[in-house]
Undergrad: 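Sharing a structure, written as structure tokens. Questions coming.
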Amino acid sequence: MLAKNRLRAKVSIFIFNVLFLGFVSPSLLIFTSATAIGNHGSLHQSGSMASESNLSGMVVDAPVGITHVNMAQIEAWVSQLESIRLMDLEQVAVETDKLLPLLHQMPLVLQYRFVLLKAQSWAMNGEMKSAQKLLQTYLDKTPPESLIAEYVNLLVLLAGVYSDLDEVVNTLQVLNQIVPYLERVDDVNNEAYVYMLMVEMLSRMTRDQAAQQYTGKLYATLNKVIKPIRRCYISTIHANAVTNLIEHDINQRDHLVRLFTDAYHECELANDNGTKSINLRSLTHIYLLDNRLISAKKSIDEAYQMALADNNTSELGFIYVHLADIAKREGKLIKAEKYALQSFEIATELGTSILLIDASLMLSDTYEALDNTTLALFYRKAYEAASLTRMQDIKGQLTVFESAKLQLLDRERQLDLLEREKALYLAMKKMTDRTQTQMHLWMTLLIGCICFLIIWVFISVRQKGRYQVLAQSDPLTGIYNRSAGEYVGKILYRQARKEQRQFSLVSFDIDDFKNINDRFGHGTGDWVLKKIVAEINPLLGLNDIFVRMGGEEFMILLPDINEAAAWEKAAACRLALASMNTQYSGHQFSVTASFGVTQAIAPDHQLDTLVERADEAIYFSQMKVIKSDDDFTCVYS
Ligand SMILES: Nc1nc2c(ncn2[C@@H]2O[C@H](COP(=O)(O)OP(=O)(O)OP(=O)(O)O)[C@@H](O)[C@H]2O)c(=O)[nH]1
């Protein structure tokens, strides 16, 4: 148990050293936004390049006193700042501060690039909280497909910032957000950085199985990464992550030795003494697991020389623990005590809790071997206190992590539920829509049918009316034909009799009509018949019924009219015929008619009696015999 904790402590401090301690900002720069940053140097190169190059003012025209926004110019400034971000941190900080108020006026793509620049600038100046705040505002914005690469750069930087702030849970959350995008973006540097952070964070949370999953992915990136410093970090972190998983398997020791040796060579190519030393310490640890003292001694001596030369105190602290361990195993207890005390001193000075744990335990073991139980107990207690603090710290973080994970799961579950509800609602809506469409269809069909029926009935009734009119009227003149006239006349007469109202009748017969036909043709005869009707119609009242009895015989039924008025009407008709102009028939001739006028009297039970009397009157008229009595009147033509 202790051994495992010690190893984890070693791994964590190792990653801390590699990625953060002293190299906080450059570590972010190396792995984030490789395309935007370009191929500028490593941790150490970045420092030396800054001192070698004085590019300030050479590339960038400071946008002092911006009065109006010219996006093209701002984009040019951003591009220039991106190109010098590793060389002139100060100028980048100053210029991005000036551009910051214009952020929200920039198009989204430029916003993403600028935010990356500004947040990196803050991160490099140690203003982690400002960087985090700015990046956080872009975290929840779902990016358009075209800006996913820029969006991932921001997330990667945010993950780096959180890990710098030692906010493990937040780092993991951002990393989890990035992972689904990694394949779509295809940026090996971001990929490697994300997996490294993932392995480191999960290892810190003692999530070895989950870490293992990302260890494999991290190692796979090694085939694609070219830059030596990145290869150095990737192989080192990979070797440590694998160690976490298989260090107790004695058959795997050679494999681990190979991994650390490879990592050591990668770091040698990258000329990175710090990471090289870490690999040597890890090798020492593996050798000591098998008690291979000579190999262990050789490795740690090389690390010691390097740390001494580089004046790397923190690294020396860890090296002293190993030196003490080896000395103790060799039985050189005083020497072991000396190394362990040096280690303890550095741990106290730097406040490195993991080193404090290792140093305290080593001192306790050494004093125990020296039979100094008081000091052995003292350092054992120091060890336990430091371990407890660290374990509580891990436990606390683990709890936060677990509850965050649960919250995430709950949110996902809720989202899933919402999605299902949405799908259900859409399905139901689709069904309702379909039903409604069907209803509309049926309704339209029904209304269509009803309309059709109404129109059909209307047309039928009209047609029937037309047929009725056609059946009732004389086709040549348009007035009532004989049967219709007699039918209507009988009804009117019956009513008049019943109500004891006046009823008169005028009949007339065109004189010598046959002669007209014979002289001028049948067409002229027709014309005359129509012309007669046209001349007489205007002389009749609304209630008067004009009937063509057949051939050239006509009858006018006059309800509510007495004989005198009927006489007047007949006289008017006779006059109209006499003055009729026939020239439009194509001939000039005169038309006369013989009239008979009669009115209903008490004994006339039927209309026929009146008709007969009128016909008789016409006869007399034609005979030019004047006969006028109470019953009828002849009107001479
Ligand atoms: N052009 C035309 N002639 C018709 C029509 N109906 C009947 N007639 C003709 O009307 C003539 C009627 O002859 P008549 O009965 O002798 O009557 P009329 O010649 O007027 O002799 P009177 O009644 O004695 O004055 C016939 O020659 C019929 O052919 C019609 O619709 N059009």
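Scope of the values below: all heavy atoms of this structure, side chains included, with no hydrogens, waters or symmetry mates. Atoms within a ligand are numbered from 1 in the order they appear, just like the ligands themselves.
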Undergrad: Do D511 and S594 have a side chain donor and acceptor closer than 3.5 Å?
TA: yes
Undergrad: Any protein heavy atom under 4.0 Å from atom 24 (O) of ligand 1?
TA: no
Undergrad: Within a distance under 4.0 Å of any heavy atom of D509, pick out the atoms of ligand 1 and give their elements.
TA: 23 (O)
Undergrad: Can you give me the closest heavy-atom contact between L492 and P559, atom names plus distance?
TA: CD1-CG, 4.1 Å
Undergrad: Which ligand 1 atoms does G525 reach within 4.0 Å, using its non-hydrogen atoms?
TA: 1 (N)
Undergrad: List every atom of ligand 1 that sits less than 4.0 Å from any heavy atom of L529, numbering the atoms from 1 in the order shown and giving each element.
TA: 30 (C), 31 (O), 32 (N)
Undergrad: Would you say D511 and ligand 1 have an N/O pair spaced under 3.5 Å apart?
TA: no
Undergrad: Have a look at N517, D512, D526 and point out the one with the heavy atom closest to atom 4 (C) of ligand 1.
TA: N517
Undergrad: When you measure from atom 18 (P) of ligand 1 to every protein heavy atom, which one gives the shortest distance, and what is it?
TA: F513 N, 3.7 Å
Undergrad: Indicate the atoms forming the closest heavy-atom contact of P144 with L108, along with that distance.
TA: CD-CD2, 3.8 Å
Undergrad: How far is atom 7 (C) of ligand 1 from its nearest protein heavy atom, and which residue and atom name does that atom have?
TA: G551 CA, 3.5 Å
Undergrad: Could you point out which residue of L155, N153, V185 forms a side chain to side chain contact (heavy atoms under 4.5 Å, CB included) with I178?
TA: L155
Undergrad: Answer with yes or no whether the side chains of T598 and R613 bring together a donor and an acceptor at under 3.5 Å.
TA: yes
Undergrad: Classify the ring geometry between Y138 and Y112 as parallel (under 30°), tilted (30 to 60°) or perpendicular (over 60°).
TA: perpendicular
Undergrad: May I ask you to decide if the ring planes of F520 and F589 are parallel, tilted or perpendicular, using 30° and 60° as cut-offs?
TA: parallel
Undergrad: Would you call the rings of Y181 and Y151 parallel, tilted or perpendicular, taking 30° and 60° as the class edges?
TA: perpendicular
Undergrad: Of the listed options (E553, E552, R548), which comes nearest to atom 5 (C) of ligand 1 when hydrogens are ignored and any heavy atom counts?
TA: R548
Undergrad: Please determine if N515 has a nitrogen or oxygen closer than 3.5 Å to a nitrogen or oxygen of ligand 1.
TA: no
Undergrad: Who's the nearest protein heavy-atom neighbour of atom 16 (O) of ligand 1, and how far?
TA: K514 CD, 4.0 Å
